Amino acid sequence: ESNNRIRNILESITDAFFALDSEWRFTYVNSEAERVLQRPREELLGKNVWEEFPEAVGSTFYREYHKALREQTTVDFEEYYPPLETWVDVRAYPSEDGLSIYFRDVTERRQVAEWLLFQAQLLEQVRAGVIATDLEGTVTHWNDYAEKLYGWSREEALGRNIAELVVGPTEAGGAGEIMERLRAGDTWEGEFVVRRKDGSTFPAHVTNSLTYDSQGRAVGIVGVSMDIAKRKKAEEERDRLFTLSPDLLCIAGVDGYFKRINPAFEETLGYTGQELLAKPFVEFVHPEDRAATVDEVEKLGAGATTVLF
């Protein structure tokens, strides 16, 4: 009756279990061990473990099991067994008669952990600030580039509210609205004035979205931010040159209409900006050149990068 009770317990536990005698022969194998080892117990009982699993000879399994039996000490380790393509978490308990070995398949957990590590390493290589928070805005992840971008070290940032660290003084209200939209399930992308640790500010392009757990429940927010100060400055300089140039400069679409014109266009052609934008630009081309102009525009629409006419 005692043996039956023990057997019932060993069959009901979630761990795989097998027992070895002092000669390394299987004396018991539960059903979960059959599944993980991919061998029926009838093939294993009475057989030598090292003969049945020769690839394990010389491995961590071999060394740790011998240590447990030799020193009469419990061993606990995690190891990969290539023939089964399986990671197992093992606990081996010695006795005078042999070893009792409990183990579980942790392959999925290891794969998840390795994937998370890969993702974390990937995030550290991104040349953008990657910041994760919980739904209340408490920082849970702060990558290396965020340190460079905002001046706060990871240790300083973790556990603090994101608004205290990076929200510019003119953006407090907007930040609150964005958080509400995110909690409601939206994503947000746009320009935002952010603040460094020293109090200085700069324009950033920010993308925010929710993160979810395995049950699909929203658990946090991840934001990616890039410093666009240089780009903004370049755009402003380009706009200044566009506006002040004495040459006729325009931006036109392949639909045949001007999208933007500089003052020199208005002054030279004698039309207002609104008049020019309301008409197809081909109307301002000499009749003898219109066919060639339309042909060149079609080339641009088909993917050509430069045409001269």
Side-chain angles (χ1 to χ4, degrees), residues 116 118-244 251 253 257-263 273-274 277:
L116 291 175
F118 169 76
Q119 287 182 312
Q121 291 172 338
L122 188 63
L123 291 177
E124 295 307 325
Q125 302 304 314
V126 174
R127 293 188 62 80
V130 180
I131 303 170
T133 73
D134 62 18
L135 293 175
E136 302 305 315
T138 302
V139 176
T140 57
H141 179 80
W142 188 272
N143 77 339
D144 286 348
Y145 203 81
E147 292 186 338
K148 298 176 183 178
L149 202 59
Y150 294 104
W152 299 95
S153 69
R154 181 181 285 106
E155 291 73 20
E156 291 174 318
L158 293 177
R160 294 185 61 179
N161 191 280
I162 187 69
E164 300 174 7
L165 301 174
V166 306
V167 176
T170 62
E171 301 281 12
E177 293 177 9
I178 292 170
M179 288 294 286
E180 290 302 318
R181 286 178 55 182
L182 290 167
R183 293 189 190 107
D186 289 344
T187 58
W188 187 88
E189 180 176 2
E191 292 185 12
F192 200 80
V193 178
V194 294
R195 175 171 53 89
R196 299 185 182 90
K197 182 180 179 180
D198 63 9
S200 61
T201 61
F202 63 93
H205 182 272
V206 181
T207 302
N208 289 318
S209 58
L210 286 172
T211 57
Y212 299 86
D213 64 13
S214 57
Q215 277 70 50
R217 296 172 298 197
V219 294
I221 297 167
V222 62
V224 180
S225 52
M226 293 180 288
D227 185 350
I228 58 172
K230 290 183 179 179
R231 190 187 81 188
K232 295 279 287 185
K233 185 176 181 180
E235 289 174 353
E236 291 171 359
E237 180 63 16
R238 184 190 65 194
D239 290 344
R240 189 180 72 83
L241 293 174
F242 186 90
T243 301
L244 298 179
I251 298 173
Y257 284 84
F258 291 114
K259 304 302 178 184
R260 186 180 176 190
I261 55 177
N262 73 340
Q274 288 184 334
L277 294 174

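Because the structure is predicted, anything quoted here is derived from the model rather than measured. These numbers come from the heavy atoms of this one structure, side chains and all, not from hydrogens, waters or symmetry mates.
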Quiz prompt | Residue pair Tyr257 / Leu277, side-chain heavy-atom distance below 4.5 Å | solution = no

Self-check item: Any side-chain heavy-atom pair of Val130 and Val222 under 4.5 Å
Solution: yes

Quiz item: CD1/Ile261 to CD/Gln274 distance, rounded to the nearest 0.5 angstrom?
Solution: 10.0 Å

Self-check item: Residue pair Met179 / Glu136, side-chain heavy-atom distance below 4.5 Å
Solution: no

Quiz item: Rounded to the nearest 0.5 Å, how far does CD1 of Ile221 lie from OG1 of Thr187?
Solution: 11.5 Å

Quiz item: How many angstroms lie between CD in Glu236 and CZ in Arg240, if you round to the nearest 0.5 Å?
Solution: 11.0 Å

Quiz item: If every non-hydrogen atom of Ala157 is compared with every non-hydrogen atom of Trp142, which pair is closest and at what distance?
Solution: CB-CD2, 3.3 Å

Quiz prompt | Gly151 versus Lys197, closest heavy-atom pair with distance | solution = O-CD, 3.4 Å

Exercise. Find the distance between CG (Asp134) and CG (Asn161) and round it off to the nearest 0.5 Å.
Key: 8.5 Å

Quiz item: Stepwise, does the side chain to side chain contact (heavy atoms under 4.5 Å, CB included) test hold for Val139 with Glu164?
Solution: CA-CA 10 Å; Val139 176; Glu164 300 174 7; over 6 Å; no

Self-check item: Side chain Thr207, main chain Val224, donor-acceptor under 3.5 Å
Solution: no

Self-check item: Closest contact, heavy atoms only, Tyr150 versus Arg195
Solution: CD2-O, 3.5 Å

Practice problem: Quick one: closest heavy-atom pair of Ala128 and Met226, and the distance? | Solution: CB-CG, 3.6 Å

Self-check item: Asp227/Lys148 ion pair, N-O < 4.0 Å
Solution: no

Quiz item: Going from OG1 on Thr138 to CG on Leu158, what distance comes out if it is rounded to the nearest 0.5 angstrom?
Solution: 11.0 Å

Quiz item: Is a donor on one side and an acceptor on the other found under 3.5 Å between the side chain of Asn208 and the backbone of Trp188?
Solution: no

Quiz item: Closest heavy-atom contact between Gly129 and Leu149?
Solution: N-CD2, 4.1 Å

Practice problem: Using a strict 4.0 Å threshold on nitrogen-to-oxygen distance, state whether Glu235 and Arg238 make a salt bridge. | Solution: no

Quiz item: Does Glu237 CD have over 12 foreign heavy atoms under 6.0 Å away?
Solution: yes

Exercise. Determine, for Trp152 and Arg160, whether the Lys NZ or Arg CZ falls below 6.0 Å from the six-membered ring centre while staying within 45 degrees of the axis.
Key: yes

Quiz item: If you count the non-hydrogen atoms of other residues, nucleotides and ligands that lie under 6.0 Å from NZ in Lys233, is the total more than 12?
Solution: no

Quiz prompt | Shortest non-hydrogen separation from Ala218 to Leu210 and the atoms involved | solution = CB-CD1, 4.2 Å

Quiz item: Rounded to the nearest 0.5 Å, what separation is found between the NE2 atom of His205 and the CD atom of Glu189?
Solution: 4.0 Å

